[in-house]
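Down below is the structure, laid out as structure tokens.
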Amino acid sequence: MSGNLNSQTTQEHTSHKVDMKDIVSLCKRRGFIFQASDIYGGINGFWDYGPLGVELKNNLRDWWWESMVKCPPIGPDGEPVQIVGLDSAIIQNPRVWEASGHVGGFTDPMVDCKETKLRYRADHLVIFIPKDSSEPWLAAPKDDEENIAEKRIKKFGKGKSLSAYETKDLTAIAVQDFDKIIGPDASKPGTLTEPRAFNLLFESKTGATQDTTVYLRGETAQGIFVNYKNTLDSARVRVPFGIAQIGKAFRNEVNPRNFIFRSREFEQMEMEWFCHPSEADKWFDFWIEQRKKWWLSIGVNPDDIIFRRHGDDELVFYSKKTFDVEYRFPFTDPGFGELEGIAYRTDYDLNQHQEYSGVKMEYIDPITNERYVPHVIEPAAGLTRGVLAVLCAAYTVDPNRPSGMFMNFHPRMAPIKAAILPLTAKDGQPEIARDLYMSLRNDFMIELDIKQNIGKRYARQDEIGTPFCFTIDNQTSEDKTVTVRHRNTMKQERIALSSVKSWLHENLAIMAQG
Ligand code: GAP
């Protein structure tokens, strides 16, 4: 978003580091995101999206759907690729999750602390070991290891400094050495248990007598695989083609943390691309390029996004290669956190479902008559993680305005596209404002805000990231003009009341192009 009036910022506010606490507090204060069951003290790992949060999430969701299903990318042959949509049930036959490997293998290694009763993912802990072979060893969570380790060393390190320690992942430490470790929140050594597998699927019961165990889906992808045959038989698609789905997924995460980043209920945007095995490499590269373009189209700073190939030790067993899209969140800075995985899943899933269901998953090429089980490339993105990246990217500190900050949302993401603000609640101004609102509301998400002093109303619109404010004042009834205030520059100009709709269409489009 650079190169036009709206995106140029007058101050050097973008250089300020954003604090997660400020983002969480803004989200609550302005109605983006609330803790679920807030009035009952909340529930760990669950979040509710308020009036502005649901608009923001829907905008990101709709942009993905638009880019995948309504107007899919142009393929290497110059024609649009074929992708159809799906909305499958959250609860499926439990055999689906046996076939997919989730019932047996969807686990995280987890350790408990016997002293504090806290639970940690074993692969998220780093152990600080004194180089002089003394004890104790100190555990710290990976995403803030140095900071926490320094505090722990001050307390337990017998005068040592950070440089007197070397680090090892907990998973690389022999269980008999656990007795030397003081857990991240413990006061004495030897309280961490051996890592144990912890299944992430949530269970429920179905049927009148509640006798069948079912699972809340751990990913939207399996709903796609089990509908591959139905889709092929009913929609006019041929390999290569894709099936896209957006929806809730549930994982009983050991340690939900970092606001909505890792939650137990979240939303995914997944597309399974079915292709001939010999073309899988070509399509893998194609989807990486497409997904790069997409993430850069939502207003995140390109310097804060990386595209990282998984090393062989990181690959899940069914994947031949995987690429992650990662964002520099305030809590991972200077590191990055995953937004999307683009995996070459081979024919693993279709073969599994073929074996468990007995239904053939072969595709018969109508031209060559070749029979084969298609291979799959899967761009799997987190919608709610994407929302967090958009929020972090938009938060812009600016000491030169009353709110001290503004949300620099890409206009496509902004929950409210424009606000209409009569300067006073008299002299016919509210009536003009209402007429303007009625003329715009079919085209845009508009807020009509009549009360409070104008400075406070501008401050609120800055905090919720509204690109433009139209102000009705005394001059409006005289010469039929309104003031437009630009969010990013705070500059104001007058335009004809009758031109507001076309002006807004044009200027949102200019701003979106950047
Ligand atoms: N079908 C493949 C799959 O589910 P994944 O990497 O486990 O792959 C895809 O999930 C995306 O879903 C992740 O990149 C992340 O954005 C999002 N995601 C996964 N677990 C999440 C959680 N606990 N909370 C929020 N988002 C999550």
Side-chain angles (χ1 to χ4, degrees), residues 33 36 44-47 49 57 60-61 64 86 88 90 96-97 99-102 105-108 110 121 123-124 143 198-202 215-226 228 242-273 287-288 291 294-295 298 300 305-308 310 314-319 321-327 329 331-332 336-346 348-350 352-353 376-392:
I33 298 166
N44 196 7
F46 297 89
W47 300 93
Y49 289 74
K57 178 152 67 68
L60 189 59
R61 177 198 70 184
W64 187 90
L86 178 78
S88 69
I90 283 173
V96 169
W97 303 105
S100 68
H102 285 79
F106 193 43
T107 52
D108 278 338
M110 153 223 106
R121 258 178 69 171
D123 55 337
H124 284 181
D143 50 9
F198 176 79
N199 194 289
L200 299 182
L201 283 184
F202 277 101
Y215 304 97
L216 304 192
R217 67 181 174 205
E219 59 176 13
T220 55
Q222 295 305 322
I224 298 181
F225 293 124
V226 298
Y228 152 80
I243 305 179
Q245 162 151 252
I246 301 177
K248 295 250 173 174
F250 303 82
R251 296 182 189 175
N252 195 8
E253 296 283 359
V254 175
N255 207 353
R257 60 193 302 162
N258 293 325
F259 197 27
I260 57 172
F261 180 79
R262 179 169 294 109
S263 22
R264 290 180 168 148
E265 175 177 339
F266 55 97
E267 283 178 70
Q268 292 185 309
M269 310 183 283
E270 298 199 285
M271 196 274 291
E272 307 302 324
W273 180 254
W287 282 112
I288 286 170
R291 299 307 299 147
W294 189 84
W295 281 107
I298 59 167
V300 295
I305 287 254
I306 55 163
F307 302 86
R308 187 181 66 82
H310 278 208
E314 254 182 295
L315 282 177
V316 277
F317 66 94
Y318 54 72
S319 176
K321 46 186 173 180
T322 295
F323 219 91
D324 273 353
V325 183
E326 298 181 342
Y327 180 73
F329 290 97
F331 50 83
T332 57
F336 295 81
E338 179 188 331
L339 286 173
E340 169 163 354
I342 302 157
Y344 174 19
R345 293 182 76 123
T346 66
Y348 170 77
D349 303 272
L350 289 182
Q352 286 293 105
H353 289 302
V376 168
I377 310 296
E378 178 199 62
L383 169 57
T384 40
R385 264 194 204 173
V387 167
L388 185 57
V390 171
L391 283 166
C392 294

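Atoms within a ligand are numbered from 1 in the order they appear, just like the ligands themselves. Everything numeric in this text was worked out from a predicted model, so none of it was measured.
None of Gln268, Lys57, Lys248 except one satisfies the side-chain contact (heavy atoms from CB on, under 4.5 Å) rule with Leu383; the exception is Lys57.
When all heavy atoms of Trp295 and Gly382 are compared, the pair lying nearest together is CH2-O, 4.3 Å. The two atoms that bring Phe225 and Leu350 nearest to each other are O-CD2, 4.0 Å, heavy atoms only.
For atom 10 (O) of ligand 1, the closest non-hydrogen atom on the protein side is Gln268 NE2, 3.2 Å. Scanning all protein heavy atoms for the shortest distance to atom 24 (N) of ligand 1 gives Ser263 N, 3.0 Å. Ranking the protein heavy atoms by distance from atom 15 (C) of ligand 1 puts Arg385 NH1, 3.5 Å first. In terms of protein heavy-atom proximity, atom 1 (N) of ligand 1 is nearest to Glu270 OE2, 2.4 Å. Regarding atom 7 (O) of ligand 1, its nearest protein heavy-atom neighbour is Arg251 NH1, 2.8 Å. Annotation: atom 17 (C) of ligand 1 to nearest protein heavy atom, Gly382 CA, 3.7 Å. Counting only heavy atoms of the protein, atom 16 (O) of ligand 1 lies nearest to Leu339 O, 2.8 Å. Of the protein's heavy atoms, Phe261 O, 3.0 Å lies nearest to atom 25 (C) of ligand 1.
Side-chain atoms of Arg291 never come within 3.5 Å of backbone atoms of Gly341 as a donor-acceptor pair (strictly under, hydrogens ignored). Within the 3.5 Å criterion, the main-chain N or O of Leu200 finds no donor-acceptor partner in the side chain of Arg251. In terms of modelled atom types and a separation under 3.5 Å, the side chain of Glu270 and the main chain of Thr220 share a donor-acceptor contact.
The distance criterion of under 3.5 Å between nitrogen or oxygen atoms is not met by Ile260 with respect to ligand 1. Among the atoms of Thr384, none of the N or O lies under 3.5 angstrom from an N or O of ligand 1. Residue Phe266 places no N or O, backbone or side chain, under 3.5 Å from any N or O of ligand 1. Here's the thing with Glu338: one of its N/O atoms is less than 3.5 angstrom from an N/O atom of ligand 1.
Taking a cut-off of under 4.0 Å to the non-hydrogen atoms of Ala221, the atoms of ligand 1 that pass are 1 (N). For ligand 1, the atoms lying closer than 4.0 Å to a non-hydrogen atom of Glu378 are 1 (N), 2 (C). Residue Glu340 has at least one heavy-atom neighbour below 4.0 Å for each of these atoms of ligand 1: 14 (O).
Using a 4.0 Å cut-off between charged side-chain N and carboxylate O, Arg345 and Glu219 make a salt bridge. A salt bridge does not link Glu253 to Arg264: none of the charged side-chain nitrogens sits closer than 4.0 Å to a carboxylate oxygen. Residues Arg308 and Glu314 are paired through a salt bridge, judged by an N-O separation under 4.0 Å between the basic side chain and the carboxylate.
Proximity of Arg262 to ligand 1, defined as any heavy-atom pair under 4.0 Å, is shared by backbone and side chain alike.
Judged purely by distance below 3.5 Å, without hydrogens or angles, the side chains of His102 and Gln222 never pair a donor atom with an acceptor atom.
At a threshold of 4.5 Å between non-hydrogen side-chain atoms, the residues Ser319 and Glu378 do not count as touching.
The closest approach between a heavy atom of Arg345 and any atom of ligand 1 is below 4.0 Å.
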